[in-house]
Number of protein chains: 2
Amino acid sequence: MASSIHDLARHLNISIGTVSRALNGRADVNADTRQRVLDAAKKLNYSPNQSGRSLRRGATHSIAFMLQPHPGDQEYGEPFFIPFLTGLQAKLAESGLDLIVVMGAPGDYQQERLRRVVETRRADAVVLAWTRREDERIDYLTQAGFPFATLGRSRSGGDAYPSLDLDFEKAGVDAVDRLVARGHRRIAAIRPSLDLNFGYLFLAGYRRALRRHGIEFDPELIADGFINEAGGYAVTPKVMRSKDPPTAIIFNNDAMALGGCKALAEAGIKPGHDIAVIVIVDTPLCRYFSPALTGFRPALEPMGERLAEMLLASIPAYAGAAGARIIREVWPLQLIARDSD
Amino acid sequence: MASSIHDLARHLNISIGTVSRALNGRADVNADTRQRVLDAAKKLNYSPNQSGRSLRRGATHSIAFMLQPHPGDQEYGEPFFIPFLTGLQAKLAESGLDLIVVMGAPGDYQQERLRRVVETRRADAVVLAWTRREDERIDYLTQAGFPFATLGRSRSGGDAYPSLDLDFEKAGVDAVDRLVARGHRRIAAIRPSLDLNFGYLFLAGYRRALRRHGIEFDPELIADGFINEAGGYAVTPKVMRSKDPPTAIIFNNDAMALGGCKALAEAGIKPGHDIAVIVIVDTPLCRYFSPALTGFRPALEPMGERLAEMLLASIPAYAGAAGARIIREVWPLQLIARDSD
DNA sequence: TGTTTTTCCGTAAACGTTTACGAGAACACA
DNA sequence: TGTGTTCTCGTAAACGTTTACGGAAAAACA
């Protein structure tokens, strides 16, 4: 079943060394024998054993993505990453690399899983998402000298690793600008409860824009919740109980918005009619919700592709002749105006 | 950085053989030296190189899950699997196995990725999802003699592999029963366009129940679409254009229902008021939608755990003293009544 | 023809493990 | 004391690759 390089060599009556060289495109092998090897490999359905290759080369030729369920969320997950992963995987495949997704248990910060991947050398590099403001995963990886890249920024680790993020701060500003232009002064913000950096950045933009418009920041209009439907549902009533209730709400993601709108509906408040709603990260859910939610659309699949490029460029073994370099990018978030504000 | 078993042996002044035996809990090593080895391993932060171990053992100690984006869906993904994967990974981890998720490109049937995993022996077994009525992946794996389990049934491959499925046929029956009991006779069904087996099973139940109630099957009330928001949105108007339009619609999943409800809303039809809506696979989206959608709730995380058990039980190398055996199960889908019907 | 260069290929070591085998030491038993 | 048994452990081979090295044959050159 499992045909090895020895089978191939025996079948062709040449040495395994030559077979290997032929397969790996080395120059010192006759064009003729190379062809014979290639043909035989196809015929015998040979493909190199990954463990053997990794062991010898000292590289696994695979990249790990650390996937983590919603913190605090036991029953549902994050569709956000799928198109990102599609792009990531497509680009990695171009360089002959495999993408493996490592599941973390909900709630933990992946530290243990991450250690496991690093210490058993299961991957040549890892990709992190949902970066926190201070991120121990980043500290660990930099300290261990293990290659990685992040989707999202962090204050940890300096500028020593590639990162690709969305401009959540600008989105916060734009959302407030748009609402103010439409006459709103009481604008609430619903954001994740943890120290996820994008929540922090969003709030920074929100506050900055408020200040610029001469609107006083009111802590009563800010609420933290789990980044899911339940979080939005639980937390939205809080801001509505303000002495001077908001006329607009900015939600930090689609699931929170869905839950929030549910809470509003139960209170007889109609989004897009009685109150304006904007979502920072737009998804198809926003588009097909009624009313269709105004939101900021990320280009997830291109982001995956780009981060793969950036990661490879940062690893000497994979970077081309150009030499390894660290790239960090922040991509704009484009507003899609719909019916909810 | 990467401390090997040789470092450990040198440090302790014993042979690598003894170190390995101590680490692997073999009987023929003195309790005393075992402890010394264990201590040193912790101190030197040693953990065995996965490639070396795999090569020697001929097993990778990891299981691959083939994740595939929605067919026809370029931009969004499937949150459905996340809790399933959480359960799967948790159970596998108990046996010291890693779960790796292999991304497939959207649109293809994963055949190529699957071959790659199998041929390079990257995993000891694979888990398939979204089984089709006739599934070439299953044919390939059985023919290759590679261990696998499926989430969902198929007609391919006989009963030779473990499978865990939900009772979509029963759900189809129950949905119709419930709607008929509430006075509906014109009941539409929106299902996936491909030959995904759960869509087939659902429709079989739907037709059976219709027959039992003496309601004639009307092809005009059936529509196929992509299993996502866009699919539901595109296809729902078709059934509404029937000469005798439906008073109830059963959607095959939450995303289709979301898109379908959008289309209904645009036509001025209010789900839960002007028309009854039931969703086969319930998710938080259904719960937080307005109106909250009646649906059938799967126990995803327990399903993941169970399928892991079933898979391991089917593999001689992992099955305990009991010996390997094939288990196939079909789990019930529980109706959660809400406001949409 | 003789010498040098080039082309091509075989040999063998190495990557980090696990494990079959055997041997020395300690022990038990007569 | 002699024989057999049990505990430990070291040795070395093996898993499937890749690659440095060297050498034979062919080609190029004088």
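The structure presented is a predicted model; accordingly, all values stated were derived computationally and were not measured. Labels below follow one simple rule: chain letters A, B, ... track the order of the sequence lines, proteins then strands, and each chain is numbered from 1. Reckoned from all heavy atoms, side chains included, excluding hydrogens, waters and symmetry mates.
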Asks: List the atom of A:S163, the atom of A:G152, and the distance in Å for their closest heavy-atom pair.
Replies: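 In terms of heavy atoms, the two residues are closest at CB-O, 3.9 Å.
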
Asks: Could you tell me which non-hydrogen atom of A:H61 sits nearest to which non-hydrogen atom of B:R122, and how far apart they are?
Replies: O-NH2, 3.9 Å

Asks: In sequence, state the C-alpha distance, the side-chain angles, and the governing distance for B:R26 and B:D28, and then conclude on salt bridge (Lys or Arg N to Asp or Glu O under 4.0 Å).
Replies: CA-CA 6 Å; B:R26 294 238 168 288; B:D28 58 347; 5.8 Å; no

Asks: Do the rings of A:F81 and A:W130 sit parallel, tilted or perpendicular, given the 30° and 60° boundaries?
Replies: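 Ring orientation, 0 to 90° scale: perpendicular.
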
Asks: Would you mind telling me which residue lines up with the more 5' stretch of DNA chain D, B:R34 or B:G52, judged by nearest nucleotide?
Replies: B:R34

Asks: Is B:I16 touching bases, backbone alone, or none of the nucleic acid, heavy atoms closer than 4.0 Å?
Replies: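 Since a base atom lies under 4.0 Å of B:I16, the category is base.
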
Asks: Pair A:D7, A:R10 - check salt bridge (Lys or Arg N to Asp or Glu O under 4.0 Å), show working.
Replies: CA-CA 5 Å; A:D7 303 328; A:R10 205 170 321 118; 3.7 Å; yes

Asks: Classify B:S54 by what it touches in the nucleic acid, base, sugar-phosphate, or nothing, heavy-atom distance under 4.0 Å.
Replies: nothing

Asks: Can you pull every protein N or O that's under 3.5 Å from an N or O on nucleotides 20-28 of chain D?
Replies:
from, atom 1, to, atom 2, distance (Å)
D:dA20, N6, A:R21, NH1, 3.3

Asks: Tell me whether A:S314 contacts the main-chain N or O of A:I326 through its side chain, where contact means a donor paired with an acceptor under 3.5 Å.
Replies: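 Not a single qualifying donor-acceptor pair exists.
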
Asks: Quick one, A:R133 and A:N197 - any side-chain contact, counting heavy atoms below 4.5 Å?
Replies: yes

Asks: Categorize B:S51 for me: base, sugar-phosphate, or nothing, with a 4.0 angstrom heavy-atom threshold over every strand shown.
Replies: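 Nothing, no nucleic acid heavy atom in range.
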
Asks: Walk along DNA chain C from 5' to 3' and tell me the first and last nucleotide with an atom closer than 4.0 Å to a non-hydrogen atom of chain A.
Replies: C:dC8 to C:dG16

Asks: Rounded to the nearest 0.5 Å, what separates atom CG in A:L23 from atom CZ in A:R34?
Replies: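 A:L23 CG to A:R34 CZ: 9.5 Å, rounded to 0.5 Å.
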
Asks: What does B:S20 touch in the nucleic acid at a heavy-atom separation under 4.0 angstrom: a base, only the sugar-phosphate, or nothing?
Replies: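 Base, at least one base atom sits under 4.0 Å.
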
